[in-house]
Visitor: 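Pasting a structure here, questions to come.
Start at 1 and go down the list; that is how both ligands and their atoms are numbered. All values below come from the heavy atoms of this structure, side chains included, with hydrogens, waters and symmetry mates left out.
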Amino acid sequence: MPVPFNFTTAIATALTEAAAQLELDSTIFTTAVRIADPRHGDFQANGLLPYAKRTKQNPRALAEQVVAALPSNITDSCDVQIAGPGFLNFTLKPDALEAWLTEFTDEAALQAGAESAQPEADKVFVVDYSAPNTAKQMHVGHLRSAVIGEAISRLLSFSGAKVIRDNHIGDWGTGFGKLIWAYKRELNTTALETDPLEEFERLYRAGNKAADEDEAVLTDARQELVKLQSGDVENLAIWKRINEVSLEAFQKIYDQLGIKFDYTLGESFYNDKVEQIYAELSDTGLAEESQGALVVFHPEHPRFKSQPFMIRKSDGAANYASTDLATLLYRREHFDADAAIYVIDSRQGDHCQQLFLTAEKWFAKTDRKLPRLEHTSFGTVLGENNKPLKTRSGENIKLRDLLQEATERAAALVAEKSAQLSPEEQAEIARVVGIGSVQYADLCQNRSTDYVFSWDKMISLEGNTAAYLLYAVARIRSIFRKLDQSPEDANAFEVASALETPTEIALARKLAKFPEALSSAVGPLRPHVLCLFLFELAGEFSGFYAADKVAVDDLAVRARRLRLCARTLLILETGLHLLGLRTLTRM
Ligand code: ARG
């Protein structure tokens, strides 16, 4: 029996077909299908009741007609029941579960299924994430964009989108004037050797302080900036050096987090592309001069009607807005982007809104196709005191130190739980668990809200944590090891008998809902939905494993239980990889 990957979409399609056959009014008939409370089945469709009300029909009678008109792919795979006043409940039949488990046997099969079920397939998505400013180290404030952006990129790409990962670094700020000023006077070459970013940060602070205290320094620093912007060879070389060193340091963090960008087109890349923006926005009448600056008002907006979007500063220099507009045009024209996803913290909400509003009008006036624009915003990482997380002395926590501490803390856990493993193995596990815990703690929260950073909660084998899931993965691998079998060996499951016990069936029903978790995470770009599913799946697995012995003598029973183990493993591993985590075979 051919089995759909995603039953929700298959049922929705079937309902649409049935409705068409019964000539229901498609403008008011909704086919939304959702996951049901497991006690009532697997899926539920609630659209008939409001339809019957509006068209003054008996809802149960209508429901009976619709059920009778459902195509056989759904009636073969689901028991359909009319519940209450006219809800439709769909319960997957054991045969359909069986077929699903036989069909989606590896990551490639899951991905093929995901692509077929996703509207995003084949669309070009530029994902703009991480994007720190150069000359500074990445700190905890840079964690979320990197982690969430990577997970979103992987989820989209798994669903068939063409994903372009673009690191829009801030490499052209006005800060470079002061930094170059100090670099030329106060550079400590030894410090530059040992920890260049630390040295650049020190120089920047020194330049800043000197400029604050002495007007003449400020003038000189401005001069350095003008020289840089007009292509002075020496200043350009210093600037280049600073950026190279910064990118090298960023790369070390990205390597730990499993991030690989396709492009790093920072603000400086758009230097020669902003003139066109000024010209087009002026010519279309969207931008106007105001006190020497070029600005865009949005008269229809309560705040932006008086608080304009400044796209060129009064000294003639480009700013964050000019480069972002140029970036968007480049993404549209050069990458042919269907969507641009900005993974930026929620405090830049106004900037994004003004950018999007401006782009909408500008693209309309110039007959361009506007990509889907989305500010995938997120809250702040808080300390236990509910204030943005800082060191004891009130400084930003460097990401490098944070990841280091995560690995050390995980090492302590590993030493306690896995003392029998070799030191090398323990170190590897500590890295995966430590970094994975930081990533997962960030991802399992609804990204819109702030969250409190707690080492004890995140590096724990209990609760919705990376360690819990990584442990579940390792445990399933060890089941196979003990039986001297491989989860990838499909032949081993051929003798499997039909699913029988309630815990086997409950686990199979959960597994077959991976597609829904995936699409509910990809649609609104919310990875926490997938986290929750994986956590629940691991719980369902524990229930099964406690109730149903796997290593039984009856080979047909053993095979069907091993197959459940293999599929749980596949989905846990695939899911964790989609979130950006690495997994372990042993823990
Ligand atoms: N560099 C910026 C910052 O640190 C973030 C850039 C985000 N991307 C963008 N296209 N604006 O705040």
Visitor: Parallel under 30°, tilted from 30 to 60°, perpendicular over 60°: which one fits the rings of F514 and F158?
Guide: perpendicular
Visitor: Report, one line per pair, each donor and acceptor closer than 3.5 Å where one atom sits in a side chain of residues 461-468; sequence neighbours left out.
Guide:
{"from": "N464", "atom 1": "OD1", "to": "Y440", "atom 2": "OH", "distance (Å)": "2.5"}
{"from": "T465", "atom 1": "OG1", "to": "S460", "atom 2": "O", "distance (Å)": "2.7"}
{"from": "T465", "atom 1": "OG1", "to": "Y468", "atom 2": "N", "distance (Å)": "3.1"}

Visitor: Can you list every ring-ring contact (aromatic ring centres under 6.0 Å, His included) pair that touches residues 113-137, not counting sequence neighbours?
Guide: Y129-F261
Visitor: Show the numbers, then the answer: is there a side-chain hydrogen bond (donor to acceptor under 3.5 Å, both in side chains) between N319 and K313?
Guide: CA-CA 7 Å; N319 66 2; K313 297 196 290 183; over 6 Å; no
Visitor: Only counting residues at least two apart or in another chain, list the ones meeting ring pair (Phe, Tyr, Trp, His ring centres under 6.0 Å) with F250.
Guide: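 Ring pair (Phe, Tyr, Trp, His ring centres under 6.0 Å) list for F250, sorted by chain: empty.
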Visitor: Ligand 1: which residues have a non-hydrogen atom closer than 4.0 Å?
Guide: D128, A131, N133, H168, Y320, D324, Y342, I344, Q348
Visitor: Closer than 4.0 angstrom, basic N to acidic O: yes or no for K365 and E280?
Guide: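 Judged by the 4.0 Å cut-off on N to carboxylate O distance, K365 and E280 do not form a salt bridge.
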